[in-house]
Amino acid sequence: MYAIGDLSRRTGVKVPTIRYYEQMGLISPTQRSEGNQRRYEKTDLERLAFIRHARDLGFDIPAIRELIALSRHPEAPCAGADRIADDHLAAVRTKIASLQKLERELERIVSHCGGHSVEDCYVIRALSDHGLCDHEH
């Protein structure tokens, strides 16, 4: 059995976040010691490590909840998990494309700034007038 602090140290998940995951139903409600401390089992440690890794990869709570539900049926096909990961990958690619457009626009704005004072600064002008931007961002 692990105390909540032990679980936190072993997984790198902060104690309030562990409590939040418990409230969200991602981790089973814990047993309590005679001193009313939360006590976790190895399966809770493994589940928390799973959640932490999924969060590190950017999965949201509903997707993690669904992945956990799928993991309770090891004999089932993995099409559901594949769909969740594919959807997340598509969202990540969309964000990357958007960030790349933003990067190009910022590079363009910065490269046009040859002013030596704020009154001549292209960055300030571009931020004040969206019409000076090349692309929607």
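It should be emphasised that the depicted structure is a prediction, and the values quoted were computed from it without experimental measurement. Hydrogens, waters and symmetry mates play no part in the numbers below; they use all other heavy atoms, side chains included.
K95 places none of its side-chain heavy atoms less than 4.5 Å from the side chain of Q100.
Using a 4.0 Å cut-off between a side-chain N of Lys or Arg and a carboxylate O of Asp or Glu, E105 and K101 do not qualify as a salt bridge.
Remark: H112 NE2 to C121 SG distance equals 13.0 Å, nearest 0.5 Å. The CZ atom of R55 sits 5.0 Å away from the OH atom of Y21 when rounded to the nearest 0.5 Å. Within the model, atoms CG of D56 and CD1 of I51 stand 12.0 Å from one another, a figure rounded to the nearest 0.5 Å. Here the CZ atom belonging to R47 is positioned 6.5 Å from the OG atom belonging to S28, to the nearest 0.5 angstrom. The distance from the CZ atom of F50 to the CG atom of L26 is 10.0 Å, given to the nearest 0.5 Å. With rounding to the nearest 0.5 Å, the separation of CD1 in I124 from OG in S117 is 10.5 Å.
Shown here for H73 and A69, the closest heavy-atom pair between the two residues is CD2-O, 3.3 Å. In terms of heavy-atom proximity, G80 sits nearest to L70 at C-CD1, 3.6 Å. Closest heavy-atom contact between M24 and R65: O-NH2, 2.5 Å. Between I84 and A63 the shortest heavy-atom distance is CG2-CB, 3.8 Å. Taking each heavy atom of F59 and I64 in turn, the nearest pair found is O-CD1, 3.7 Å.
The main-chain N or O of R108 is never found under 3.5 Å from a side-chain atom of R104 such that the two would form a donor-acceptor pair. Panel note: side chain H88, backbone L57; a donor-acceptor pair is recorded below 3.5 Å. Using a distance-only test at 3.5 Å, with no hydrogens or angles considered, no donor-acceptor pair links the side chain of S98 to the main chain of T94.
Just one residue in the list I4, T11, I27, I18 forms a side-chain contact (heavy atoms from CB on, under 4.5 Å) with D44, and that residue is I27. Exactly one of R10, R9, R39 qualifies for a side-chain contact (heavy atoms from CB on, under 4.5 Å) with Y2. That residue is R10.
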Assess whether salt bridge (charged side-chain N to carboxylate O under 4.0 Å, His left out) is satisfied between R125 and D129, documenting all intermediate values.
CA-CA 6 Å; R125 283 198 326 262; D129 181 359; over 6 Å; no
Intermediate values then yes/no, side chain to side chain contact (heavy atoms under 4.5 Å, CB included), S8 and V15:
CA-CA 6 Å; S8 176; V15 169; 3.9 Å; yes
Determine, step by step, whether R19 and K14 satisfy the side chain to side chain contact (heavy atoms under 4.5 Å, CB included) criterion, reporting the C-alpha distance in whole Å, the side-chain angles of both residues, the deciding distance to 0.1 Å, and the verdict.
CA-CA 9 Å; R19 289 185 188 126; K14 294 180 190 289; over 6 Å; no
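Cluster annotation: M1 is not connected to Y40 through the hydrophobic network of ILVMFWY side chains, with a link wherever side-chain heavy atoms come within less than 4.5 Å. No chain of hydrophobic side-chain contacts below 4.5 Å, direct or via other Ile, Leu, Val, Met, Phe, Trp or Tyr residues, connects L67 to V92.
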